[in-house]
Amino acid sequence: MTAWMAIIVALAWGAGLYALRRDLRLAWREPCLRRPVLVFEGDDWGYGPLDQVAALHALTRVLSRHADAQGRHPVMTLGIILSGPHPARPEDLEHGLDLDDPALAPVLEAIRAGVARGVFSLQLHGMQHYHPAVLERAMQQDAALQAWRWHPLPCTEDLPAPLQSRWTDASVLPSRPLPRADVAQRARAEVELFQRVFGRIPAVAVPPTFVWNDAVEAAWADAGVIAIVTPGERYERRGADGLPEDTGRFYRNGERSDGGLVALVRDDYYEPVRGHGAGRGLAALDRKWAQRRPLLLETHRANFVGRHARLADSLEALDSLLEQALRRRPDLCFVSVEALAHAYGGADADRLFDHRPWPRARALPARLLTTGRRRKLSLALVATTILVVLSAYI
Ligand SMILES: [Zn+2]
């Protein structure tokens with residue numbers, strides 16, 4: 001290779017690495033797991049139909065059947081909804097039926113039984129899976145929507161998706177921001193109700209439909225929440241089409257939000273009612289392990305309970321994924337998201353994370369090559385280098 005070719009290649013690599021410097025720094029800084037980790041993230045449990053009781057007991061049985069090398073059962077986090085329309089006064093959305101009401105006692109018992117067995121770990125999903133005043137406004141203009149609250153213990157999954165967002169006013173689209181004081185008061189109240197029902201402040205919160213903002217984070221942190229589950233990006237409002245809008249605010253595992261919450265990233269899905277099977281879960285596990293990141297697999301209550309649920313098939317899909325994952329990766333580790341949050345926050349981090357430079361360097365390409373721009377830039381650099389080297393010898 002002539003000297004000028006070597007200079008061109010070196011300059012191209014220099015420019016490429018300079019363009020990726022921020023990504024490189026962030027990817028290097030994010031802790032690397034010692035062993036593969038799998039957690040199921042079950043959202044939307046709590047308030048709702050009593051069919052949940054059988055589903056929760058069945059989930060407990062399936063999860064209890066498996067264990068990692070340390071003897072720990074797989075964990076499904078339950079994103080808890082604490083309240084919903086009261087069957088005796090459904091017109092009053094602000095004062096609903098809470099999860100500790102005797103009418104919901106069998107659900108609460110089934111949740112507690114799974115926690116005692118070590119297979120459920122509870123996270124705050126919300127007081128309601130909607131904003132009561134916003135839903136009320138939307139209902140004033142929509143008779144079909146009005147009917148929803150008259151069903152006994154209705155499923156919030158049946159509401160239009162924009163109205164399932166609790167932290168934006170989607171009674172009109174594009175949605176509008178809510179007053180900061182309203183957000184702070186509601187966030188505080190839901191943490192207090194969680195504490196009343198379960199005897200402890202929730203460590204982890206999961207914003208409904210992943211639409212939230214700084215005010216929500218600050219209020220949760222003030223109330224004692226330590227971590228937030230994100231899809232890797234924050235959505236703050238719904239657009240004219242009703243879909244969440246990109247904000248460009250990204251999160252990595254272990255990053256501190258401005259409010260002081262530890263962020264965790266959940267961007268893989270395992271929804272058996274949508275045809276997801278063990279193969280999909282195993283591919284996600286491989287991908288996340290190459291990145292030395294935990295696999296948080298989102299799997300909604302709707303797989304197990306409600307109009308579209310297929311309970312037996314969904315349980316079978318979970319069972320089969322766990323069996324195959326343990327066979328393929330005997331060093332697989334089952335922990336809760338709360339334990340991960342503590343480790344990313346710095347407590348007991350050495351047990352879960354490998355701080356040696358070589359494993360961290362090995363995770364870098366898998367972490368960097370996940371998005372289109374970085375992948376294209378890296379491939380262009382490699383291709384240019386190969387072309388220049390080849391041309392020097394031909
Ligand atoms: Zn949800």
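Everything numeric in this text was worked out from a predicted model, so none of it was measured. Every number for a ligand or one of its atoms is a count from 1 in the order of the listing. As a basis for the values below, the full set of heavy atoms in this structure was taken, side chains included, without hydrogen atoms, waters or symmetry mates.
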> If you look only at pairs with a residue in residues 170-219, which of them pass as a ring pair (Phe, Tyr, Trp, His ring centres under 6.0 Å), with sequence neighbours excluded?
Replying inline: Phe194-Phe198, Trp212-Tyr251
> Taking only protein atoms, how many N, O or S atoms are found under 2.8 Å from the Zn ion (ligand 1)?
Replying inline: 3
> Can you list the residues that meet the side chain to side chain contact (heavy atoms under 4.5 Å, CB included) rule with Ala67, with sequence neighbours excluded?
Replying inline: His73
> What pairs with Phe334 under ring-ring contact (aromatic ring centres under 6.0 Å, His included), at least two apart in sequence or on another chain?
Replying inline: none
>> For Trp289, does the six-membered ring have the charged nitrogen or CZ of Arg292 within the cation-pi criterion, i.e. under 6.0 angstrom from the centroid and within 45° of the normal?
In response: yes
> Looking only at side chains, do His125 and Asp44 share a donor and an acceptor under 3.5 Å apart?
Replying inline: yes
> Taking 4.0 angstrom as the limit, do Arg196 and Asp100 come out as a salt bridge?
Replying inline: yes
